[in-house]
Amino acid sequence: MDLDPLILSRIQFAFTISFHILFPSFTVGLACWIALLEALWVGTGKGIYRSLSEFWTRIFALSFGLGVVSGIVMSYQFGTNWSRWSDTVGNVLGPLIQYEVVTAFFLEAAFLGILLFGRDRVPRGIHLMAACLVALGTLLSSFWILSANSWMHTPAGFEIRDGRYFVTDWWQVVFNPSFPHRLAHMVTAMFLTTGFVVAGISAWYLLKRRHVEHARIGLGMALSLITVLAPLQIFLGDQHGLNTLEHQPAKIAAMEGSWEGGPRAPLVLFAIPDVETETNRWEIGIPGLSSLILTHDIDGAVPGLKQFPADERPSPAIVFWTFRLMVAIGVLMLAVAATHLVLRVRGRLYGSDRFHRLLVGCMPIGFVAILAGWFTTEIGRQPWAVYGHLRTADAVTPSLTTEAALVSLISFVVAYTVIYGAGTYYLIRLLRAGPSTVGDRPPPEARSAKRPLSGSDPSTEAAE
C-alpha cells in the first residue's frame, strides 16, 4: 500500500473518529441514565439515587470533556485534509453541522454547569430539568451528526451547479433515505453500550462486596434495559440492512463476501476474501441463508461484487470481518439478556458471581460493536465520499503533501496517546472509588430544619 496523502488522510480520519465516537457512544446513554436517577431522587426522596447520580455525573463530565476535545479536531480536518469535500458539499452539510452546535452543544454546555455545580444551589426541580436538557442535548447532537453522515450514504434533496452541491429540499436532506434506520440503530447501540458499562461496573462492585446497594440498583436497571434493547437491536439491524440493500447493494455484497450473487446465495460464515482473484478462500457457508436473511425469500436474488465495476466496489477484506464481529457481539448481548431473565426468575441475579464476572468482561463490547459497525459502514461506502457522486480521491486537499499528512498523523497519535491515556487513567480511578455516601444525607432543607435554636445546650448540638 502506497502512503500517499489520500490513504494517510483516510487513516488519520479513521484514527481520530474512532477515538471520538467512543465518547458520545457512552455519554448519550449515560446522560439519560443520570436524568432517570435524578427523577427517582426527586420523586422518592431516597438519597441512594442522588448518590448514584452524583457518581455517574462525575464520569459523564470527564467523558463529555474528552469527547469535546476529540470533536474539535474532526472539524479542523475537514479544512486541512478534505478541503475539496468541504468546498463541494459545504452548502449542504455545513448547516447540518452548525445546527448540531446551535441546538445541541449549546444546550449541553449551558445546563451541564447546573448539573455539575448546582446540586445544593438550585431547587431539585431545576436540577432535574438541567439533567433532562443535557440528555436532550446529547440526543439532538446524535440527530444532526447522523443526518449529515447518512446524507453522504444516501444523498437526496440537492442539485449540482458548477461542481457544487446546493439544497433543493431541506426535508429530503435531513430525512434522507437511510437516516431513520441509521439513527434508530445507532442510538440503540449507544444505550446498549452505556447499559453494559453500568452493568459491568455494578457487577464488579458486587464481586468486591462494595457499594452493594448502589450496585444492586445499577445492575438491575441496566440489565432490564439490555433485555429490552438487545432483541430490538437485532430487528433494527435487519431493517437497516434491508435499507442498505436497496440503496448501497455493493456494500451488502462486500459485507456478505458475495462475489457472484444471485438466488439462493449462501450465508458465508468464514472465508478469506481475495480481491485479486475475486474469490473466497476456505469458504464455509450455509446454502440459501443469505438470500433468506436479505430478501426474506430463500430464492431471492442478492447482489455480488462482480456485478459492479471494479473501481466502484468496496473492498471486502475488512468489511467482511467487521460486520461479522458486530453480529457476533449482538448475539452475545442477546445471550446476556436471556441469562439475566433466567437468573432474575430464579432469584439469583445478585448472587451469581459467575454471571457477574461475565458482565465485567462484557463492559467493552458495546464500544467494540460500534467501532465494528462504523468501520463496516464507512469502508463499505468506498470509493465514494458522497455515494455515487463524489469520489473520496476527489475530496482530499490538492495541496496536501505526503510529508505533511504523515507528520499530522504521527502528531495525532502521540497527542491522543498522552491525553486519552491520562483521561482513561483518571476515569478508572473514579470508577474504582465508586459512589460516595454523600447522597444518602438528608437534603439541605431537611438539615436546616434540624438545626438547634440559638441558646441550645452545646452538648445537645454536638450530639446532633
Side-chain angles (χ1 to χ4, degrees), residues 21-40 48-49 52-53 55-60 62-64 67 131-132 134-136 138-139 142 183-207 211 214-237 325-344 349-350 352 355-374 427 430-431 434-435:
I21 199 174
L22 294 176
F23 297 103
S25 299
F26 179 47
T27 55
V28 169
L30 187 58
C32 296
W33 162 242
I34 291 169
L36 177 59
L37 292 172
E38 286 292 317
L40 290 171
I48 194 168
Y49 292 121
L52 272 170
S53 176
F55 168 64
W56 287 108
T57 299
R58 291 195 292 271
I59 304 300
F60 175 85
L62 178 59
S63 303
F64 181 82
C132 291
V134 168
L136 176 62
T138 62
L139 290 171
S142 303
L183 178 66
H185 190 54
M186 186 64 181
V187 171
T188 303
M190 291 173 170
F191 277 86
L192 280 168
T193 299
T194 304
F196 272 96
V197 172
V198 173
I201 294 298
S202 301
W204 186 77
Y205 290 145
L206 288 176
L207 288 170
H211 314 294
H214 295 81
R216 287 170 67 94
I217 292 175
L219 186 71
M221 294 176 69
L223 286 174
S224 297
L225 179 70
I226 291 169
T227 302
V228 173
L229 294 186
L232 175 63
Q233 182 70 319
I234 293 175
F235 170 76
L236 293 174
L325 177 59
M326 179 180 61
V327 172
I329 292 176
V331 174
L332 176 58
M333 290 179 173
L334 187 63
V336 169
T339 305
H340 155 246
L341 286 177
V342 172
L343 291 176
R344 187 178 284 273
L349 179 60
Y350 303 108
S352 176
F355 183 57
H356 296 163
R357 292 190 187 96
L358 172 64
L359 290 175
V360 173
C362 285
M363 274 195 295
I365 65 173
F367 298 105
V368 176
I370 284 178
L371 286 177
W374 197 259
L427 188 62
L430 288 175
L431 291 171

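The shown structure was predicted, so the numbers you read here are calculated from the model rather than taken from an experiment. One-based numbering along the sequence shown.
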- [ ] May I have the step-by-step check of side-chain contact (heavy atoms from CB on, under 4.5 Å) for Leu371 and Phe367, ending in yes or no?
- [x] CA-CA 6 Å; Leu371 286 177; Phe367 298 105; 5.5 Å; no
Distance-only criterion, 3.5 Å: show the donor-acceptor pairs between side-chain atoms of residues 192-200 and protein atoms not counting sequence neighbours.
residue	atom	partner	partner atom	Å
Thr193	OG1	Ala189	O	2.8
Thr193	OG1	Gly366	O	3.4
Thr194	OG1	Phe26	O	2.8
Thr194	OG1	Leu30	N	3.4
Thr194	OG1	Met190	O	3.2

- [ ] State, with a plain yes or no, whether a side-chain heavy atom of Thr339 is found less than 4.5 Å away from one of Leu343.
- [x] yes
Task: Shortest non-hydrogen separation from Tyr350 to His356 and the atoms involved - done: O-CE1, 3.4 Å
Open item on the list: Any side-chain to backbone donor/acceptor pair from Ser53 onto Tyr49? Under 3.5 Å, distance only.
Closed with: no
Open item on the list: Leu183 vs Met186, test: side-chain contact (heavy atoms from CB on, under 4.5 Å). Steps then yes/no.
Closed with: CA-CA 5 Å; Leu183 178 66; Met186 186 64 181; over 6 Å; no
TODO: Before giving the answer on side-chain contact (heavy atoms from CB on, under 4.5 Å), spell out for Cys362 and Met333 the whole-Å C-alpha distance, their side-chain angles and the decisive distance to 0.1 Å.
DONE: CA-CA 9 Å; Cys362 285; Met333 290 179 173; over 6 Å; no
Task: Parallel, tilted or perpendicular, as decided by the 30° and 60° cut-offs, for the rings of Phe60 and Phe64 - done: parallel
Open item on the list: Looking at every non-hydrogen atom in both residues, tell me the closest pair between Leu236 and Ala184 and how far apart they are.
Closed with: CD1-O, 3.7 Å
Task: side chain to side chain contact (heavy atoms under 4.5 Å, CB included) partner of Leu52, the single match among Ile34, Thr57, Leu36, Ile217 - done: Ile217
Task: Rounded distance (nearest 0.5 Å) linking atom OG of Ser224 with atom CG of Leu349 - done: 8.5 Å
Open item on the list: Side chains of Gln233 and Ile226, heavy atoms from C-beta outward: is any pair under 4.5 Å?
Closed with: no
Task: Tyr205 to Gly434 - nearest heavy-atom pair and separation - done: OH-CA, 3.0 Å
TODO: Quick one: pull up CH2 in Trp204 and CG in Leu219 and give me the separation to the nearest 0.5 Å.
DONE: 15.0 Å
Open item on the list: Is it the case that the side chain of Thr188 and the backbone of His185 share a donor-acceptor pair, with hydrogens and angles ignored and the cut-off at 3.5 Å?
Closed with: no
Open item on the list: Between Val342 and Phe355, is there a side-chain heavy-atom distance shorter than 4.5 Å?
Closed with: no
Task: Gap separating the NE2 atom of His214 from the CD1 atom of Ile48, nearest 0.5 angstrom - done: 4.5 Å
Open item on the list: Show the nearest heavy-atom pair for residues Ala135 and Thr138, with the distance to one decimal.
Closed with: O-OG1, 2.6 Å
Task: Minimum-distance pair of heavy atoms, taken over all atoms of Ser63 and Leu427 - done: OG-CD1, 4.2 Å
Open item on the list: Taking the side chain as everything from C-beta on, heavy atoms only, tell me whether Leu223 gets closer than 4.5 Å to Leu359.
Closed with: yes
Task: Residue pair Leu225 / Phe191: nearest heavy atoms and the distance that separates them - done: CD2-O, 3.8 Å
